[in-house]
Peer 1: 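Below you will find the structure I want to go over with you.
So you know, we letter chains A, B, ... as the sequences are listed, proteins then strands, and number each from 1. Not measured: the values here are computed from a predicted model.
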Protein chains: 2
Amino acid sequence: MTKSSARTGGTLAKQVESQIEQDIVEGVFLPGDRLDEEELAARLNTSRTPIREALRTLASIGLVAVRPRSGATVSRPTMSEVIDLFEVVAEMEAFAARLAATRATDAELRTVAEMHDACEREAGTGDAQRYFDANGHFHRSIWEGAHNPMLVEQIRIVDRRVSPYRRQITFHPGRQSSSQTEHRQIADALAARDAEAAAEAMRDHVMILSDDALQLSRHLRL
Amino acid sequence: MTKSSARTGGTLAKQVESQIEQDIVEGVFLPGDRLDEEELAARLNTSRTPIREALRTLASIGLVAVRPRSGATVSRPTMSEVIDLFEVVAEMEAFAARLAATRATDAELRTVAEMHDACEREAGTGDAQRYFDANGHFHRSIWEGAHNPMLVEQIRIVDRRVSPYRRQITFHPGRQSSSQTEHRQIADALAARDAEAAAEAMRDHVMILSDDALQLSRHLRL
DNA sequence: GTGGACTTTCTTGTATACAAGAGGTGCGCC
DNA sequence: GGCGCACCTCTTGTATACAAGAAAGTCCAC
């Protein structure tokens with residue numbers, strides 16, 4: 001395991017899993033890419049065993065597709081499936097926002113506000129990667145405010161699957177500013193502890209993202 | 001693989017996975033039970049390799065808990081986690097009901113009605129296992145009506161995790177009749193294609209189930 | 001030249017061998 | 001007699017060897 005950002009803890013299989021997952025979510029591996037076991041084993045300095053366990057695990061959360069005796073690929077959902085996934089994310093995040101509006105501590109709401117400010121700062125710089133990360137932190141701070149770890153776990157699973165598509169749209173110029181308007185509505189509703197408004201704003205935000213991502217995908221023939 | 005209801009298709013690992021999953025969901029293995037790799041391998045007539053892959057996969061969807069170098073157990077969520085899981089199921093199923101109210105075909109709604117009738121028939125017989133199954137079919141018919149396979153996939157994941165607790169309450173006398181009242185509200189709202197009422201009724205239904213299951217669990221010192 | 005079947009190769013699926021940590025047991029010491 | 005330490009065993013984690021199916025390339029026939 002000489003690779004760059006390899007986690008050093010736990011079992012090899014877990015490290016491998018984290019590494020591959022990161023590579024998928026961050027767009028190093030693209031949807032449809034073949035994931036050859038021996039190649040990965042060589043690259044990560046291990047045998048096929050931990051690789052296989054990692055691939056199976058990633059398959060079960062939908063990040064990887066394995067066809068028996070035909071190998072694994074980064075899963076490439078159909079456009080219809082991406083639409084469905086965004087719809088699920090939208091609803092779950094809306095639910096998280098609704099819960100956060102009533103359950104989050106004042107300190108947690110302050111954190112949400114801070115994350116929102118951080119987004120605003122990054123939106124100006126034009127550094128898409130940093131904005132993408134700040135955006136992630138904003139959303140996650142809301143999830144945490146929902147005080148439901150199981151919900152967070154489920155959102156993470158679905159969110160990772162649409163991550164490549166979210167990323168794509170974030171890097172599209174012009175999207176950041178409109179995204180910020182929507183973020184503000186969410187942040188304001190949460191600050192006012194208006195559960196329905198927060199849920200509605202969050203759902204709209206994710207659905208708009210979805211529409212844009214799909215339009216872009218269609219345009220790019222992805 | 002001489003075991004009774006072993007699926008015969010696909011790879012060994014997949015068959016093993018199905019078998020263990022079934023045993024967990026159906027209550028053959030109880031939360032907290034140790035899952036010894038060699039023991040399972042012997043019982044299912046295979047080597048440890050497919051067993052390990054199956055356990056890892058089941059761990060990633062939360063049915064099994066693996067502590068590094070300490071083995072796997074059927075995951076036993078804390079009471080707080082069970083509450084959270086039920087909350088997630090309630091929201092997702094409510095969403096499914098909302099979608100089904102507008103998207104389901106007339107034929108699909110008829111199927112929902114039929115499943116409801118089947119529940120009513122089974123409710124009288126006192127055969128808890130059959131009622132449990134009929135209840136499952138009723139819910140799944142609604143999921144299908146939502147026309148969102150990704151949502152169904154996610155619901156299944158969470159639903160399986162609370163399955164032992166749902167089962168417990170279903171087998172409790174008296175619960176079936178009140179459950180039927182709630183089912184009727186859901187079915188009626190769907191028949192009327194009233195999205196909000198359907199969502200609300202479904203959410204209430206699952207939350208009542210949750211409360212009862214927890215009260216029972218607490219009572220039984222589970 | 002093209003279609004199809006065969007063969008060959010390459011990858012995955014499974015079994016087994018080996019390494020290494022966790023947990024229990026027994027002994028000695030206090 | 002109780003506590004602690006060391007050892008030993010047993011299970012898991014990893015590597016490798018072997019089996020078997022899938023895919024691609026080739027050769028032959030038409």
Peer 1: If you count every heavy atom of other residues, nucleotides or ligands that lies below 6.0 Å from A:R130 atom CZ, does the total exceed 12?
Peer 2: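 No, because the 6.0 Å sphere around CZ of A:R130 holds 12 heavy atoms or fewer from other groups.
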Peer 1: Parallel, tilted or perpendicular: which describes the rings of B:H139 and B:H205, with under 30° parallel and over 60° perpendicular?
Peer 2: parallel
Peer 1: Could you state the atom-to-atom distance from CD of B:E38 to P of D:dT9 in whole Å?
Peer 2: 16 Å
Peer 1: From C-beta outward on A:R69, which listed nucleotide comes closest to its side chain: C:dT12, D:dA23, C:dG21?
Peer 2: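 Within the option list, the nearest is C:dT12.
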Peer 1: Tell me: CG of A:L35 to C1' of C:dT11, nearest whole Å?
Peer 2: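 So the CG-C1' distance, A:L35 to C:dT11, works out to 14 Å.
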Peer 1: Would you check if A:E122 and A:F132 make a side-chain contact, meaning some heavy-atom pair closer than 4.5 Å?
Peer 2: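 Side-chain contact under 4.5 Å: no.
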Peer 1: Expressed as a whole number of angstroms, how long is the span from B:L40:CG to D:dT11:P?
Peer 2: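 After rounding, the reported distance stands at 13 Å.
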Peer 1: Output the single nucleotide from C:dT12, D:dT14, D:dA23 whose closest atom is nearest the side chain of A:S70.
Peer 2: D:dA23
Peer 1: Using whole Å, report how far CG of B:N45 lies from C1' of C:dG13.
Peer 2: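 Those two atoms, CG and C1', are 17 Å apart.
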Peer 1: C:dT14 C1' sits how many Å from A:L55 CG, rounded?
Peer 2: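 In whole Å, C:dT14 C1' lies 16 Å from A:L55 CG.
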Peer 1: At 4.0 Å (heavy atoms only), tell me whether A:A13 reaches a base, stays on the sugar-phosphate, or touches nothing.
Peer 2: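 Sugar-phosphate contact only.
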Peer 1: Around atom CD of B:Q129, are there more than 12 heavy atoms of other residues, nucleotides or ligands at under 6.0 Å?
Peer 2: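 Enclosed: over 12 neighbouring heavy atoms sit under 6.0 Å from CD of B:Q129.
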Peer 1: Find the distance A:E53:CD to C:dT12:P and express it as a whole number of Å.
Peer 2: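 So the CD-P distance, A:E53 to C:dT12, works out to 16 Å.
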Peer 1: Would you please confirm or rule out a distance under 4.0 Å between OP1 or OP2 of D:dG13 and any side-chain N or O of B:R56?
Peer 2: yes
Peer 1: Look at the aromatic rings of A:H116 and A:F138 and report parallel, tilted or perpendicular, splitting at 30° and 60°.
Peer 2: tilted
Peer 1: Are A:R52 and C:dA15 close enough that a side-chain N or O sits under 4.0 Å from OP1 or OP2?
Peer 2: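 For C:dA15, OP1/OP2 do not have a side-chain N/O of A:R52 under 4.0 Å.
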Peer 1: Between P on D:dC18 and CD on A:E37, what's the gap in Å once rounded to a whole number?
Peer 2: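 Checked: the CD to P distance equals 19 Å.
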Peer 1: If you check the A:D36 side chain, which of D:dT12, C:dT11, C:dA15 turns out closest?
Peer 2: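 Out of D:dT12, C:dT11, C:dA15, the nucleotide with an atom closest to A:D36's side chain is C:dT11.
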Peer 1: Considering only D:dG21, D:dA17, D:dA23, which nucleotide approaches the side chain of A:R48 most closely?
Peer 2: D:dA17
Peer 1: Counting only distance, no hydrogens or angles, is the base of C:dA15 paired donor-acceptor with the side chain of B:T49 under 3.5 Å?
Peer 2: yes
Peer 1: Specify the separation, in whole Å, of atom CZ of B:R34 and atom P of D:dT11.
Peer 2: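 Rounded to whole Å, this separation is 8 Å.
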